[in-house]
Amino acid sequence: MPSAADEISAAIAAAGGAIPFSEYMQLALYGEGGFYTTGGRAGRRGGDFITSPEVGPLFGKVIARALDAWWKELGSPSRFDVVECGAGPGTLARSILAAQPECLGAMHYVAVEISASQRALHPQGVESRETMPDVPITGVILANELLDNLPFRLFVFDGSWMEAIVSQASGGQFVEVLRTPDVVPTCLPQTASLGSRAPIQDVAASWVRDSLSKIDHGRLLLFDYCSASTAEIALTPWREWLRTYRDQGRGTHYLSGPGSQDITAQVMLDQLPSGFSAATQADFLQKWGINELVREGSDYWESMKSAPDVAAMKMRSRIAEAKSLIDQTGLGAFTVLSWQK
């Protein structure tokens, strides 16, 4: 299997000396030797920060309550599709199934994951796939921290907006070169500080449009960390929104070690298709009953703490899980986007 670096080098040579940053990112993350293709996971990103499904089963249990409500909104159809994109090892799917929602008998759960090694870990009771299903969907397409990992073009302000492309130096290292774009995206501010950067997330926008086109009746539900506008992010130091992660911590520069680290950026809301509603993750989880589930867990723990069983320990853990999931300085500040059809 070629390494991601080998694939990128070959692409640069085939293109005559340079490729767009989006192509570099595609190969670094999703090429044959890419980070996700070879089994990399975005899960734990260092310190106390983990993705919401991996905090514990509470996140999935709250999602299950929302799924029940949306199933009933659709008239309780005999087949209710739940398609999770970027499913990783199936942690969220496992939690949702374990919650045993009312819609479980009608639920057809599809876990979409590009990595074969991660698909091998998917739980029984789901359809495990590498790509999105092509049939019309009645139900919900959902994804947690997917859009931030989709390849984007990178623009840099150098007196005017220039597009960053990736070339290779004689020593073999990948380097950034600026070129004048054919068209400057209208979402970019007219001027910015020298060296300012901004992502142009065409792939993310296209993914949303394509997902919506697959939904016959239902909704698209996305959890991610977002920025209201591209102009706003252009004023932000780029290291605050363009990040890499490796081995449970921050990685190195995004042009170093392709295939060995995650590359991620905040999602620009003004670049996505319109028509969505937005809420913080904290507000979304509270709407769908996380506080009620925590009270239920606390009451069960109090009744069993003198001789706790496994169920009591799991119920007790809801308190800590909820604290992480609704923390307004962490996961609770994530944005939940919903499109309905």
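Between L222 and L146, every side-chain heavy-atom pair lies at or beyond the 4.5 Å cut-off. Here the side chains of E163 and R153 are in contact, with some heavy-atom distance below 4.5 Å.
By the 30° and 60° cut-offs, the orientation of the rings of W71 relative to F80 is tilted.
D81 and Y109 share no donor-acceptor pair across their side chains, judged by distance under 3.5 Å alone. Between the side chains of T264 and D262, not a single donor N or O lies within less than 3.5 Å of an accepting N or O. With 3.5 Å as the limit, one finds a donor-acceptor pair spanning the side chains of Q271 and T230. Between Y225 and Q281, the side chains place no donor N or O within less than 3.5 Å of an acceptor N or O (distance only, hydrogens not considered). Side-chain polar atoms of S260 and R246 form a donor-acceptor pair below 3.5 angstrom. For the residue pair S9 and Q168, a side-chain donor N or O sits within less than 3.5 Å of a side-chain acceptor on the partner.
Counting non-hydrogen atoms of neighbouring residues, nucleotides and ligands closer than 6.0 angstrom, the NZ atom of K323 reaches no more than 12 such neighbours. The neighbour count for H108 NE2, taken as heavy atoms of other residues, nucleotides or ligands under 6.0 Å away, is above 12. Taking a 6.0 Å sphere around NZ of K214, one finds it holds more than 12 heavy atoms contributed by other residues, nucleotides or ligands.
Applying the side chain to side chain donor-acceptor pair (under 3.5 Å) rule to D283 yields the partners T280; only residues at least two apart in sequence or on another chain are considered.
The other residues sharing a hydrophobic cluster with V156 are M162, L178, where clustering joins ILVMFWY side chains under 4.5 Å apart.
Checked against the 6.0 Å centroid criterion, the rings of F276 and W339 qualify as a close aromatic pair. Ring centroid separation for the pair F284 and F223 comes in under the 6.0 Å cut-off. Separation of the Y30 and F35 ring centroids does not fall under the 6.0 Å cut-off.
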Steps toward salt bridge (Lys or Arg N to Asp or Glu O under 4.0 Å) verdict (R197, E176)
CA-CA 13 Å; R197 292 164 179 258; E176 194 173 84; 2.7 Å; yes
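Just one residue in the list L188, T180, D182 forms a side-chain contact (heavy atoms from CB on, under 4.5 Å) with V184, and that residue is L188.
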